[in-house]
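Structure record follows, encoded as structure tokens.
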Amino acid sequence: MIEIRTCEHGFSAVGHAGHGPPGWDIVCASVSALVQTFVASAEELTDTKLHCELSPGRAVVLWGESTRELTLLLDSFLLGARGIAGSYPECVRIF
């Protein structure tokens, strides 16, 4: 189960979906792509400095003050994550 948690200045995505074999799990790959796109977009499109801890099965992304742009990117990330959680509720939970 991947658990996605948000807070005022960041989010985490921790765990493995368990939908398929390691390296071939489409749910893990989907959440990973969303996380990586959020990080790349925040770094390229905003002036926000992120603190990221990324490793297999664990992503922690934190920042200082939120901006309008960063909030929009986070909303986009969560929209995608909710779509995945809706399709695979046994694999992804959002808190």
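Bear in mind the structure is a predicted one, so any value in this text is a computation, not a measurement.
- In this structure, Ser32 OG and Leu54 CG are separated by 8.5 Å, a value rounded to the nearest 0.5 Å.
- Here Thr48 pairs with Thr46 under the side chain to side chain donor-acceptor pair (under 3.5 Å) rule; sequence neighbours left out.
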Listing, residues 16-29 side-chain donor-acceptor contacts under 3.5 Å, not counting sequence neighbours, or none:
unit_1 : atom_1 : unit_2 : atom_2 : d
Asp25  : OD1    : Val27  : N      : 2.9
Asp25  : OD1    : Cys28  : N      : 3.1
Asp25  : OD2    : Gly18  : N      : 3.3
Asp25  : OD2    : His19  : N      : 2.8
Asp25  : OD2    : Gly20  : N      : 3.1

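- For CG of Asp75, the number of neighbouring non-hydrogen atoms (other residues, nucleotides, ligands) closer than 6.0 Å is greater than 12.
- With sequence neighbours excluded, no residue forms a side chain to side chain donor-acceptor pair (under 3.5 Å) with Ser30.
- Residues Ile4 and Ile2 meet the side-chain proximity criterion, which asks for heavy atoms closer than 4.5 Å.
- Every side chain to side chain contact (heavy atoms under 4.5 Å, CB included) that Ser55 has, sequence neighbours left out, goes to Arg58.
- For Phe11, the ring-ring contact (aromatic ring centres under 6.0 Å, His included) partners are Phe38, Phe77, not counting sequence neighbours.
- Applying the side chain to side chain donor-acceptor pair (under 3.5 Å) rule to Glu3 yields the partners Arg5; only residues at least two apart in sequence or on another chain are considered.
- The distance from the NE2 atom of His9 to the NE2 atom of His51 is 14.5 Å, given to the nearest 0.5 Å.
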Using atom types as modelled, flag every donor-acceptor pair under 3.5 Å from a side chain in residues 82-95 to any protein atom, sequence neighbours excluded.
unit_1 : atom_1 : unit_2 : atom_2 : d
Ser87  : OG     : Gly83  : O      : 3.3

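- Atoms NZ and CG, from Lys49 and Asp47 in turn, are 7.0 Å apart once rounded to the nearest 0.5 Å.
- Every residue two or more places apart in sequence or in another chain was checked for a side chain to side chain donor-acceptor pair (under 3.5 Å) with Glu44, and none qualifies.
- Counting all heavy atoms, side chain and backbone alike, Leu34 lies closest to Gly80 at CD1-C, 3.5 Å.
- Hydrophobic cluster membership for Leu62: Val60 (Ile, Leu, Val, Met, Phe, Trp, Tyr linked by side-chain heavy atoms under 4.5 Å, directly or transitively).
- Between Ser66 and Thr71, the shortest heavy-atom distance links the atoms CB-OG1, 4.1 Å.
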